[in-house]
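Each chain gets a letter, A, B and so on, in the order the sequences are listed, and its residues count up from 1. Small disclaimer: the values here were computed from a predicted structure and weren't measured.
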Protein chains: 2
Amino acid sequence: MYTECNRLQIKVRREEDTIVKMIDVAQLANVSTATVSRVLQNPEEVKEETRKRVLSSIKQLNYQPNVLARHLRKNKTNTILVVVPNILNTVFSHIVGGIEHTASKNNFRVILGNSNKDINKEYDFLNVLKQRQVDGMILLSAQMDSDTLNELVKEYSVVIASEYKESVNAAMVTIDNIKSGIMATRHLLRLGHKQVAHISGPLSNYLSKDRFKGYKQAIIQQGLEVDSDLIKEGAFTLESGFDQTIALLNSNKPFSALFAANDVMAIGAIKAAKVYGVRVPEDLAVVGFDNIGFSSVFDPGITTIAQPMTEMGNKAMELLLKSMKGTEYRKERIMLQTNLIIRESCGAKK
Amino acid sequence: MYTECNRLQIKVRREEDTIVKMIDVAQLANVSTATVSRVLQNPEEVKEETRKRVLSSIKQLNYQPNVLARHLRKNKTNTILVVVPNILNTVFSHIVGGIEHTASKNNFRVILGNSNKDINKEYDFLNVLKQRQVDGMILLSAQMDSDTLNELVKEYSVVIASEYKESVNAAMVTIDNIKSGIMATRHLLRLGHKQVAHISGPLSNYLSKDRFKGYKQAIIQQGLEVDSDLIKEGAFTLESGFDQTIALLNSNKPFSALFAANDVMAIGAIKAAKVYGVRVPEDLAVVGFDNIGFSSVFDPGITTIAQPMTEMGNKAMELLLKSMKGTEYRKERIMLQTNLIIRESCGAKK
DNA sequence: CTGAAAGCGCTAACAC
DNA sequence: GTGTTAGCGCTTTCAG
């Protein structure tokens, strides 16, 4: 039918293509939109018979609620934003994995924002929160200035994870990087090393600063002196680990051990040592940090500090959920345990 | 002031906390909301003087547009969904990196959906699209049945990347996995190996099937026979690479070369060989696939097929942008080049 | 237990 | 160049 008139045909087609709205379901089920909405939101408030009728209409029309409209009305999106400094770093992938897990268990969706360590991008992502596109935010990077963050925390739900900031009143979940740095360094000292080098992460991070602090404390506690020639700043990348180790080796300053602030740099360092003809662990003992998957499979296996990445993500999301529910803003801090995993690269095992 | 009355004070506080809306900006600037909206959407349509006034009101009130309302009105979210089978796999992180890059250049946001290879989760994510929460979708996994996908493609903008499906009319960006599989295997055959083993990816993937096909074709082209005892199905994980290599070695079937369907499994395989006292490449030549970061730093360096991961992401997003603009649905297919990278694990280099 | 109706905050067609 | 106004599709009082 309607074939005699193109206009009408087009109209008919449009109506087929057109999106099924709540009102359509309501009409088919002979109820009001309010009742349809109730069936979706609070089914127990609707008489069983009516509910069944509505549900079958929904099915029949293949109705999909417009979540945007719902969000606008409720002023809630059930979505959170995670700002990651670098999606390619497996440590962050694991943390995000944990966040995702807990989020989806609680019916929340996760938007990933990759800041690429660009501080301006980080500031940009704040707008996503301020424009109410998400209900909360987890920062895996905290380069922004404390004032901005403190202002933010007053109005919005924010959790900082992995990275942290002393002067910010946000909820945080971290590990004790100082203690872990001590643990790593002390392990090398106990093995008899007197000249322990260190390749730190970017010192703009508290996290890197603290691992570095731990390194220094361990050395001082041992009655030794911190030698600035044995300390290099890396960037948590393979290349930086490689390059800084070459730099250390070139300097001709003797050292028999190295604590790299993450496994990736430790692996870069060992590669550099090999190129240089320095054997690991015989000539150079190496300890890393993170316990990423490759650490166990690399040759030699990397002795490292394991941090509970997935758990960190889970906890961060839990904290965020709490803070999104609660009215008073929270500044809880959770500190997770790390532990030393001894493999071949430090020479403790034969 | 108002200190004499708690009620009022509370009221005042509320009004401060209250969200600034477009109407507030309009009133302060002495214009209508339409004009404010124009300043934000089509500034050139507004007289400069008015525009300046509006902009200064926006600044003064620190106004943040409610993007939800905008999206509802425009029926467009400027957000896309990327469904990833496994966020911890660096190949996917790189592709996502590329997608993210092109997306943000075009003012699109990316939501990451981690399906964890769970097909039900994949089906779940379809609803995000159907409920108009996102404008389009990139699938890095395509486990869903072709019928569902074909239905989907008719109504929504969908691009499949990395993985693919023969019978689906979606836009796709892939590499030639058959050709690449041939390339990898032929390289080993050219080095004189007669018994080349293969650890495939999960054979539910077309991608794995095709690399496997390539392997078989290369062997047959060489006039040799495909020996099913030398073929194992892996899961693209370190562990599966390790375990299946142990299985191969235990079978006592001789083989002098191995093509692993990804680098991670190649590394697992080499680890297994080491445990077994088999030297790589002297006793066993290994070729991987992907050219992940660790391949170059592992000892021995992994000979591998490099695939352009970031570019794949970029192209996928470009395709999606096109399809979201265009009315007619597109089924363009882009095939990107791969190339063999020779390192130590195959024994071609001394 | 159900319906009517008032918005959520914004955009865009139409009027001036 | 600017204002008026009608929605976008849903939820949630308030009545009945």
Side-chain angles (χ1 to χ4, degrees), chain A residues 14-15 17-55 57-58 61-79 127-135, chain B residues 14 17-55 57-58 61-79 127-128 130-135:
Chain A
R14 262 224 198 100
E15 267 164 20
D17 280 3
T18 232
I19 287 139
V20 180
K21 291 177 274 186
M22 191 176 267
I23 184 78
D24 304 319
V25 176
Q27 277 164 4
L28 182 63
N30 247 307
V31 293
S32 72
T33 57
T35 300
V36 178
S37 177
R38 280 187 199 105
V39 170
L40 261 25
Q41 306 290 323
N42 311 89
E44 68 285 357
E45 283 181 9
V46 181
K47 196 165 47 161
E48 184 171 350
E49 192 199 312
T50 322
R51 189 171 54 221
K52 277 188 177 162
R53 203 148 30 95
V54 170
L55 286 173
S57 301
I58 289 178
L61 296 176
N62 193 21
Y63 167 69
Q64 299 276 2
N66 182 322
V67 188
L68 244 41
R70 181 182 288 171
H71 289 167
L72 174 59
R73 183 58 226 245
K74 290 188 152 185
N75 201 24
K76 196 168 177 319
T77 62
N78 270 54
T79 305
N127 289 329
V128 180
L129 185 62
K130 288 182 178 168
Q131 291 167 357
R132 309 275 164 185
Q133 291 202 84
V134 294
D135 300 337
Chain B
R14 264 227 196 97
D17 280 1
T18 235
I19 288 142
V20 180
K21 290 177 276 186
M22 190 176 267
I23 183 77
D24 303 320
V25 175
Q27 277 164 4
L28 182 63
N30 247 309
V31 294
S32 71
T33 56
T35 300
V36 179
S37 178
R38 281 187 199 103
V39 170
L40 261 25
Q41 305 289 325
N42 311 91
E44 69 285 358
E45 285 183 8
V46 180
K47 195 163 48 160
E48 182 170 353
E49 193 198 313
T50 323
R51 190 172 54 223
K52 277 189 178 161
R53 204 148 28 93
V54 170
L55 285 172
S57 300
I58 288 178
L61 296 176
N62 192 22
Y63 166 70
Q64 299 277 1
N66 182 323
V67 188
L68 244 39
R70 181 182 290 170
H71 289 167
L72 174 60
R73 182 59 225 242
K74 291 188 150 184
N75 200 23
K76 197 169 177 320
T77 61
N78 270 54
T79 305
N127 288 329
V128 179
K130 289 182 178 168
Q131 291 167 357
R132 310 274 163 185
Q133 291 202 83
V134 294
D135 300 338

Grab the [atom1]-[atom2] distance between [X] and [N] for me, whole Å please.
X: Asn42(A); N: dT13(D); atom1: CG; atom2: C1'; value: 13 Å
X: Glu45(A); N: dT11(D); atom1: CD; atom2: P; value: 13 Å
X: Glu44(B); N: dT2(D); atom1: CD; atom2: P; value: 13 Å
X: Arg132(A); N: dC8(C); atom1: CZ; atom2: C1'; value: 13 Å
X: Lys21(B); N: dC10(C); atom1: NZ; atom2: P; value: 8 Å
X: Ile23(B); N: dG3(D); atom1: CD1; atom2: P; value: 11 Å
X: Asn75(B); N: dA12(C); atom1: CG; atom2: C1'; value: 14 Å
X: Leu72(B); N: dA12(C); atom1: CG; atom2: P; value: 12 Å

Worksheet entry | Member of Leu61(B), Asn66(B), Asn62(B) meeting the side-chain contact (heavy atoms from CB on, under 4.5 Å) criterion with Val20(B) |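 Going through Leu61(B), Asn66(B), Asn62(B) one by one, the side-chain contact (heavy atoms from CB on, under 4.5 Å) with Val20(B) is satisfied by Leu61(B) alone.
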Worksheet item: Can you check whether Tyr63(B) has a side-chain N or O nearer than 4.0 Å to OP1 or OP2 of dC10(C)?
Response: yes
Discussion item. At less than 4.0 Å, is any side-chain N or O atom of Lys74(B) found next to OP1 or OP2 of dT11(C)? Yes or no.
Written reply: no
Practice prompt. Check the surroundings of atom NZ in Lys76(B): do more than 12 heavy atoms from other residues, nucleotides or ligands lie under 6.0 Å from it?
Written response: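 Yes, enclosed.
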Heavy-atom distance under 4.5 Å between the side chains of [X] and [Y], does that happen here?
X: Asn127(B); Y: Gln64(A); answer: yes
X: Gln41(B); Y: Lys74(B); answer: yes
X: Val54(B); Y: Val46(B); answer: no

Worksheet entry | Main-chain N/O of Glu44(A) paired to Asn42(A) side chain as donor or acceptor, under 3.5 Å |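 Looks like no, no N/O pair under 3.5 Å.
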Worksheet item: What nucleotide, of dG7(C), dC10(C), dC1(C), holds the atom closest to the side chain of Arg70(B)?
Response: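 Nearest nucleotide to the side chain: dC10(C).
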Practice prompt. Please work out which residues in residues 29-39 of chain A have a non-hydrogen atom less than 4.0 Å from an atom of DNA chain C and list them by number.
Written response: Asn30(A), Val31(A), Ser32(A), Ala34(A), Thr35(A), Arg38(A)
Discussion item. Could you report the tightest heavy-atom contact between Leu68(B) and Arg132(A), atom names first, then the distance?
Written reply: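 Distance-wise, the nearest heavy atoms are CD2-O, 3.9 Å.
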Worksheet item: Hey, does Asn66(B) reach any base, or is it just sugar-phosphate, or nothing, if we go heavy atoms under 4.0 Å?
Response: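 Asn66(B): backbone/sugar contact only, no base atoms under 4.0 Å.
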